[in-house]
Peer 1: 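Got a structure for you, written out below as structure tokens; questions coming shortly.
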Amino acid sequence: MDFLISGFLEAIRLLSVGDAETFAAIFATIRVAGLSMSVSLLIGIPLGYLLGYLDFPGKRSLRMVVDTLLSLPTVFIGLMVYALLSNRGPLGEMGLLFTLTGIAIGQAILALPIIIALTASAVESLDASLRLTLMTLGASPGRIFLTSIREARHGLLTAAVTATGRVLTEVGISMMVGGNIKWHTRTITTAIALETNKGQFATGIALGLVLLALAFGVNLSLSLLRRRG
Amino acid sequence: MDFLISGFLEAIRLLSVGDAETFAAIFATIRVAGLSMSVSLLIGIPLGYLLGYLDFPGKRSLRMVVDTLLSLPTVFIGLMVYALLSNRGPLGEMGLLFTLTGIAIGQAILALPIIIALTASAVESLDASLRLTLMTLGASPGRIFLTSIREARHGLLTAAVTATGRVLTEVGISMMVGGNIKWHTRTITTAIALETNKGQFATGIALGLVLLALAFGVNLSLSLLRRRG
Amino acid sequence: MKEILRLKQVRHSYNGRTVLTMPELRIMSGTITGLAGPNGSGKSTLLKIMALTERCSSGTVYFNGSAVAPFDKQVRHRLTLLPQAPYLLKRTVSDNISYGLKIRNRTEDITAAVHGALELVGLDASFSNRLWFELSGGEARRVALAARLALKPACLLLDEPTAGVDMESARSIRRAVLLARRDWGTTLVIASHHQFWLNDICEELIYLYNGRRLRGSFENILLGPWERTGEGLVRAQLADGQYVYAAPPQGRENAAVIDTGGFAPARPQKEPAARTIRELRGTVTGIFQDRLQDAPRIHVICGDHLFVVAASDQFLRDRELRPGQQVTLAYDPAAVSWLPA
Amino acid sequence: MKEILRLKQVRHSYNGRTVLTMPELRIMSGTITGLAGPNGSGKSTLLKIMALTERCSSGTVYFNGSAVAPFDKQVRHRLTLLPQAPYLLKRTVSDNISYGLKIRNRTEDITAAVHGALELVGLDASFSNRLWFELSGGEARRVALAARLALKPACLLLDEPTAGVDMESARSIRRAVLLARRDWGTTLVIASHHQFWLNDICEELIYLYNGRRLRGSFENILLGPWERTGEGLVRAQLADGQYVYAAPPQGRENAAVIDTGGFAPARPQKEPAARTIRELRGTVTGIFQDRLQDAPRIHVICGDHLFVVAASDQFLRDRELRPGQQVTLAYDPAAVSWLPA
Amino acid sequence: ASEPERPLLLATTTSTDNTGLLDYLVPRFTRATGIKLKWVATGTGKALKLGERCDADVLMVHAPGAEKKFVAAGFGINRRQIMYNDFVLVGPVDDPAAIKGQTICGALAAISRQASIFVSRGDNSGTNKKELALWRECVPDMQPGRDWYLETGQGMLSTMSIAGERGGYTLTDRGTYIKYEANNNGEPPLVIMVEGGPSLLNQYSVIEVHPSRCDNVLNDAARSFGDWLISPAGQEAIGAFRLLGKQLFIPNGAGK
Ligand SMILES: Nc1ncnc2c1ncn2[C@@H]1O[C@H](COP(=O)(O)OP(=O)(O)OP(=O)(O)O)[C@@H](O)[C@H]1O
Ligand SMILES: Nc1ncnc2c1ncn2[C@@H]1O[C@H](COP(=O)(O)OP(=O)(O)OP(=O)(O)O)[C@@H](O)[C@H]1O
Ligand SMILES: [Mg+2]
Ligand SMILES: [Mg+2]
């Protein structure tokens with residue numbers, strides 16, 4: 001248990017001293033998670049809404065596909081995005097391999113099924129009379145979408161928090177697509193993996209705590225949002 | 001992109017030929033995920049229900065703690081469980097290090113916040129009059145729990161599917177606590193990580209597809225359950 | 001008078017069970033139409049189809065002469081429905097009432113519009129800051145109605161606007177409905193189980209039964225069970241042991257109706273009644289003016305069944321009539337009609 | 001007669017707003033008590049507190065003499081409430097009705113119990129296989145009621161059992177209530193806005209206003225706005241321009257009530273009225289028997305306000321009275337009483 | 001020796017596992033001694049850590065400096081050399097720093113002088129430690145620039161693919177390079193620039209976890225494993241191991 005305690009002390013030290021490497025990893029993490037979450041929320045919420053709201057043949061199967069995609073292993077996503085972005089791949093020209101943007105693409109793919117599945121579930125659990133009521137008040141389909149989303153805001157927030165947790169903690173994509181390059185694409189999780197591999201367990205624990213502190217900050221802001229809404 | 005195609009072919013080969021190593025990893029994955037999901041559902045659903053159902057001071061803060069725990073990095077959990085189970089740790093005597101049971105402990109910790117947060121959210125989105133109605137029909141608090149859970153079954157299924165996805169795809173805990181020992185604690189994801197590390201990208205992709213097929217099977221069974229309910 | 005809504009060959013089914021069959025229905029602009037009928041007779045379904053919130057299984061809905069479908073832009077902002085179980089958005093009362101106005105970009109002086117609408121349903125302006133759950137059942141219903149009135153729609157469909165609403169407020173709602181018609185030319189269709197309230201307000205009454213429109217009066221429905229008598233009639237027993245007789249139905253119909261005008265005061269016993277005429281004994285519980293027919297009606301309880309009897313000349317000549325009194329009603333079993341199964 | 005329910009010093013508030021103040025309330029075993037009052041007067045709150053589904057902010061509830069709290073095992077299986085907005089479980093109608101029976105381990109012959117309960121509320125046995133959403137508004141309400149009746153509870157609290165229910169079914173419900181009392185000795189408390197229906201069934205009526213119990217009659221509530229007159233009175237205008245006069249309130253009260261017995265037929269014009277007496281002109285819309293008081297009542301519309309007038313001897317002597325007729329009512333402004341704000 | 005109640009647990013570096021050496025050696029060891037063996041393949045640093053925490057019985061690693069410290073600290077006993085292979089400096093085919101054929105020190109100096117991209121594992125592995133030692137020796141005043149000296153913190157193959165994608169140089173063990181070459185279908189973006197010489201040797205050793213510190217370890221079996229590796233049979237097996245037809249490890253057991 002020794003390294004847990006020293007890890008805790010180390011976490012405080014890293015944050016208070018303003019350790020440059022740690023902060024580089026923190027900023028990389030924030031940038032990449034911010035990017036991937038924005039993209040996946042923007043795409044995932046409308047898709048999840050449609051999946052939960054519409055009734056169409058094959059809906060059940062589509063739902064199952066989404067559920068299955070919840071089990072996309074990160075290394076697998078990492079490999080696929082790597083294949084796309086590598087110099088030999090179709091998008092090699094764009095030079096996105098070993099960049100934060102590249103990681104964000106992979107993470108967005110990771111977060112998307114979570115957002116879609118949880119949004120669909122939140123929309124489905126809305127009162128059936130909401131849709132009728134909005135139609136009677138003259139709402140267009142687009143307006144029904146916006147209002148339903150707002151009515152389901154607690155469920156969506158949970159979706160966002162869950163997906164953020166997933167994105168913040170993933171290693172496979174960041175490693176594979178980002179390359180864990182110090183000062184450039186090293187995120188907190190890839191740093192943890194590295195330190196652990198080096199046998200620096202205390203530092204690994206410390207960085208884990210740093211990530212939790214970051215997540216706590218994110219959730220604190222979201223919770224203030226929740227209080228307002 | 002070449003390795004995507006060969007990965008696909010390889011996946012078919014591994015499954016059809018009945019490759020012993022692959023099947024050992026599949027069984028390890030099923031056993032460990034089954035164990036961890038059972039434990040986390042058993043603990044997480046009641047806790048999530050209480051969090052969603054009860055009103056008590058500090059509920060909001062507790063909720064935020066759970067949300068933050070959604071961002072527990074797997075390597076971090078792996079390190080902590082390792083610290084516990086290591087021969088130098090408090091539970092070293094039990095000999096759970098480098099066993100599937102050890103991995104399952106870590107994965108249960110990983111799944112727990114997901115189950116709790118999504119259960120709480122599903123319970124909160126239940127109609128407010130459900131509780132009143134059940135009370136008027138003479139339900140005890142325990143019965144209200146059971147019936148609410150049943151009414152929220154779709155939301156809970158989504159919770160279970162999401163957590164299963166998380167557990168099936170995690171690498172950090174399996175690596176750290178399980179040791180990725182061939183024939184013993186090698187799961188599909190640690191095998192993917194290993195193959196990727198070896199540069200056997202096609203095999204990595206193939207194993208990823210195997211995992212997806214496994215997840216699809218799980219979701220197919222759950223979906224039949226959903227249809228019945 | 002222009003026709004604002006028209007249904008042609010409309011049928012609607014849920015999972016294959018047909019619940020509405022409406023070959024033709026016309027609503028004229030500026031009229032108030034009542035919709036009555038027992039539970040499950042299709043009132044809400046009809047209103048939802050007219051409001052274009054549900055697509056009928058077959059048939060066409062016309063609005064101002066043109067065939068329309070759900071989300072039709074032409075209609076969306078001119079027609080509104082108060083559903084039977086309206087939903088309040090998880091916001092304040094004021095947000096709920098102004099929602100439709102904001103959609104229509106009518107954002108000038110929202111506060112005044114909200115307060116005005118609240119007043120129409122008899123609620124104090126102080127309600128506008130309450131949250132959606134801080135309301136009693138009747139208050140919530142009235143807020144939902146206020147949200148529709150605020151829109152000043154060309155066509156307003158109300159599904160049981162007074163259910164759970166107190167008497168004073170039911171009168172406020174009546175005033176609001178009449179005002180909407182007078183000031184905004186609104187056309188109204190109102191489903192309600194409050195027979196008095198509905199008759200008092202509407203100019204035409206559509207009576208639904210098993211998804212079909214019935215013509216004639218319908219207050220006195222008898223549900224059976226029916227048994228055959230020796231005389232080639234069927235009869236149903238009332239709670240006090242009396243029987244109601246009717247000529248047997250043609251098919252498998254089960255519900256019969258006696259027209260309010262089908263009763264007469266029984267002849268004095270010395271005069272023998274025509275062989276076919278049957279009698280019912282009961283207690284007068286009230287004498288009312290029916291506003292829709294502008295004629296008096298007498299309520300008579302036989303057993304625990306209430307009969308509504310048109311106060312014909314003969315009845316009115318019998319000035320002794322007052323509540324609590326015993327009367328004997330005469331009717332012709334052959335005149336009892338059967339409702340479609 | 002034993003006391004089954006008792007409330008002592010009960011107060012209830014939501015977010016600091018007190019909505020119920022009930023120093024003392026006793027319900028005797030085997031009685032049927034009505035609960036009336038405008039929207040928001042606290043009927044549902046009172047029922048929820050009596051049903052032990054909500055804990056009152058202060059005060060004590062006694063059941064069969066002992067103080068009880070929510071989830072009390074003694075009470076849980078003996079008392080049940082039909083909430084104003086009941087919830088149907090996402091299962092079949094039959095599952096919904098049998099839920100409470102299964103909880104009580106009364107699993108012998110569930111099907112018969114379900115069919116019996118459906119019949120009590122006037123629904124066909126074929127409904128038992130419907131899913132929860134395959135019901136009309138009134139059908140859903142009746143299913144919820146059936147789920148309570150199936151329990152044969154010692155104490156049954158009903159919150160607007162007839163809202164949205166058709167007339168025929170309202171009569172079935174009345175029968176079911178009376179049967180429950182007769183056959184099972186059930187004690188009933190029923191909140192309703194259906195004045196007729198309620199008066200017809202209950203033996204005592206509790207009238208709530210602003211969370212407090214009022215004694216006396218309450219049919220004729222006048223809400224103002226009031227203005228002062230030169231003669232030291234206040235007056236409120238009716239829709240047709242007439243005024244209703246009252247002695248000014250002591251405090252900031254706003255709602256006044258004229259007792260149904262406070263009206264008399266106006267004297268013929270040659271006899272000068274006492275200086276204090278005022279008159280109202282209106283149209284008779286109905287004459288009926290009030291079952292609770294077992295006395296006739298006359299409905300008179302003045303403007304669009306309905307006054308309920310006890311048919312005193314003087315009125316009854318005036319045999320000319322019939323619906324549609326004009327009458328002039330006399331009352332004493334000093335006898336108008338004010339309701340607590 | 002008494003029959004061990006559980007298999008012997010070996011903690012080793014990824015290179016012995018990734019090349020398939022263990023898959024080849026362990027069945028032979030078991031056949032010879034009857035001892036069952038499981039292994040955990042991780043970075044050298046973590047392998048040593050597992051030994052330090054008594055979570056493994058025996059270690060097979062390649063970081064002589066760290067190993068000596070490990071033994072000196074009392075965590076392990078009986079360190080024995082078993083084999084070596086060699087490191088090679090690889091780089092892009094177009095060789096931007098023109099180092100092909102130079103000595104290792106000349107090559108590193110040229111790379112740092114021209115700030116050509118150099119990709120380091122930066123993960124405390126045996127290879128990483130060797131690389132750092134070479135830099136210290138050859139370019140004592142080297143300042144690793146953020147733009148040309150990239151630390152990947154990953155395994156050798158990943159590091160090589162990053163170097164390949166970025167057109168950089170890197171130091172690798174020959175075994176992994178052979179795999180890399182094979183993975184790229186014989187057309188690797190990186191080719192060998194510098195090889196040979198005593199300073200590029202990569203020595204593997206076996207260490208037993210200290211039995212008196214860790215009473216749970218199976219020291220008898222661990223000893224047997226070390227004994228077998230340096231026995232003629234073991235040494236011969238190592239020498240006969242081939243990856244893609246090439247010899248990877250040169251046995252030098254019983255050396256000290
Ligand atoms: N979603 C649904 N699925 C299946 N059947 C339905 C559905 N909604 C209504 N029904 C059935 O359709 C018929 C008509 O229902 P509708 O709600 O139109 O009746 P209603 O006249 O409004 O009754 P109420 O007076 O109870 O409101 C009923 O038999 C009802 O059971
Ligand atoms: N959850 C709540 N939060 C805050 N205020 C509430 C809540 N529920 C009811 N109220 C308020 O409490 C008062 C009493 O409500 P209650 O539901 O008991 O009235 P009611 O007599 O049943 O009315 P109705 O006839 O409309 O059903 C009302 O003023 C209402 O606005
Ligand atoms: Mg309806
Ligand atoms: Mg109420």
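Chain letters run A, B, ... following the sequence lines, proteins first and then strands; every chain starts at 1.
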Peer 1: Determine the minimum heavy-atom distance between A/P141 and C/R76, stating which atoms define it.
Peer 2: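 Residues A/P141 and C/R76, closest heavy atoms: CD-NH1, 4.4 Å.
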
Peer 1: Quick check on C/E119: does its CD atom have over 12 non-hydrogen neighbours (other residues, nucleotides or ligands) under 6.0 Å away?
Peer 2: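 No, CD of C/E119 has 12 or fewer neighbouring heavy atoms, counting only those of other groups under 6.0 Å.
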
Peer 1: Quick check for you: among C/P83, C/G100, C/A85, C/P153, which has the greatest number of heavy-atom pairs under 4.5 Å with chain A?
Peer 2: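 Most pairs with chain A among the choices: C/P83.
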
Peer 1: Just checking C/R174: does its CZ atom have more than 12 heavy atoms from other residues, nucleotides or ligands closer to it than 6.0 angstrom?
Peer 2: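 It does: C/R174 CZ has more than 12 such atoms within range.
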
Peer 1: Sub-3.5 Å donor-acceptor pair from the side chain of C/T80 to the main-chain atoms of A/T136, do we have one?
Peer 2: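 Side chain of C/T80 to backbone of A/T136, a donor-acceptor pair under 3.5 Å: yes, one is there.
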
Peer 1: With chain A as the partner, which of C/E54, C/H77, C/R148, C/Q84 has the greatest number of non-hydrogen pairs under 4.5 Å?
Peer 2: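 So the answer, after comparing C/E54, C/H77, C/R148, C/Q84, is C/R148.
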
Peer 1: What part of A/R131 gets within 4.5 angstrom of chain C, counting heavy atoms only: side chain, backbone, both, or neither?
Peer 2: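 No part of A/R131 comes within 4.5 Å of chain C.
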
Peer 1: With a 4.5 angstrom heavy-atom cut-off, which part of C/L151 approaches chain A: side chain, backbone, both or neither?
Peer 2: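 For C/L151, the contact with chain A is made by the side chain alone.
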
Peer 1: What is the distance from atom CG of A/L130 to atom NZ of C/K90, rounded to the nearest 0.5 Å?
Peer 2: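 Spacing of CG (A/L130) from NZ (C/K90) equals 8.0 Å.
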
Peer 1: Are there over 12 heavy-atom neighbours, none belonging to C/R11, within less than 6.0 Å of that residue's CZ?
Peer 2: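 Check fails, neighbour count at 12 or below.
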
Peer 1: Nearest 0.5 Å, please: how far is OG in A/S140 from NZ in C/K73?
Peer 2: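 One finds 8.0 Å between NZ of C/K73 and OG of A/S140.
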
Peer 1: Is C/L52 in contact with chain A via its backbone, its side chain, both, or neither, using a 4.5 Å heavy-atom distance?
Peer 2: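 Contact with chain A: backbone only.
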
Peer 1: Taking atom NZ of C/K102 and atom CZ of A/R143, what is their separation to the nearest 0.5 Å?
Peer 2: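 Separation between the atoms: 10.0 Å.
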
Peer 1: More than 12 non-hydrogen atoms from neighbouring residues, nucleotides or ligands closer than 6.0 Å to CD on C/E108, yes or no?
Peer 2: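 Buried by this count: over 12 neighbours within 6.0 Å.
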
Peer 1: For C/T53 and A/M135, indicate whether the former's side chain and the latter's backbone hold a donor-acceptor pair under 3.5 Å.
Peer 2: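 Looks like no, no N/O pair under 3.5 Å.
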
Peer 1: Got a second to check how far C/Y99's OH is from A/T133's OG1, nearest 0.5 Å?
Peer 2: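 OG1 of A/T133 is found 10.0 Å from OH of C/Y99.
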
Peer 1: Let me confirm one number: the CG-CG distance from A/L132 to C/D159, rounded to the nearest 0.5 Å.
Peer 2: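 Result: 9.5 Å between the selected atoms.
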
Peer 1: Evaluate whether atom OH of C/Y14 has more than 12 neighbouring non-hydrogen atoms of other residues, nucleotides or ligands under 6.0 angstrom away.
Peer 2: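 Above 12, so yes.
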
Peer 1: Considering only heavy atoms, which portion of C/L157 lies under 4.5 Å from any heavy atom of chain A: side chain, backbone, both, or neither?
Peer 2: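 Neither the backbone nor the side chain of C/L157 comes within 4.5 Å of chain A.
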
Peer 1: Counting distance only, does the side-chain N/O of A/E151 pair as donor-acceptor with the main-chain N or O of C/L89 below 3.5 Å?
Peer 2: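 No, because the side chain of A/E151 does not come within donor-acceptor range (under 3.5 Å) of the backbone of C/L89.
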
Peer 1: Which value, rounded to the nearest 0.5 Å, describes the distance between C/R91 atom CZ and A/R150 atom CZ?
Peer 2: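 Taking CZ in C/R91 and CZ in A/R150, the distance rounds to 3.5 Å.
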
Peer 1: Please indicate whether C/R78 has more than 12 foreign heavy atoms, meaning atoms of other residues, nucleotides or ligands, lying under 6.0 Å from its CZ.
Peer 2: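 Incorrect, the count does not exceed 12.
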
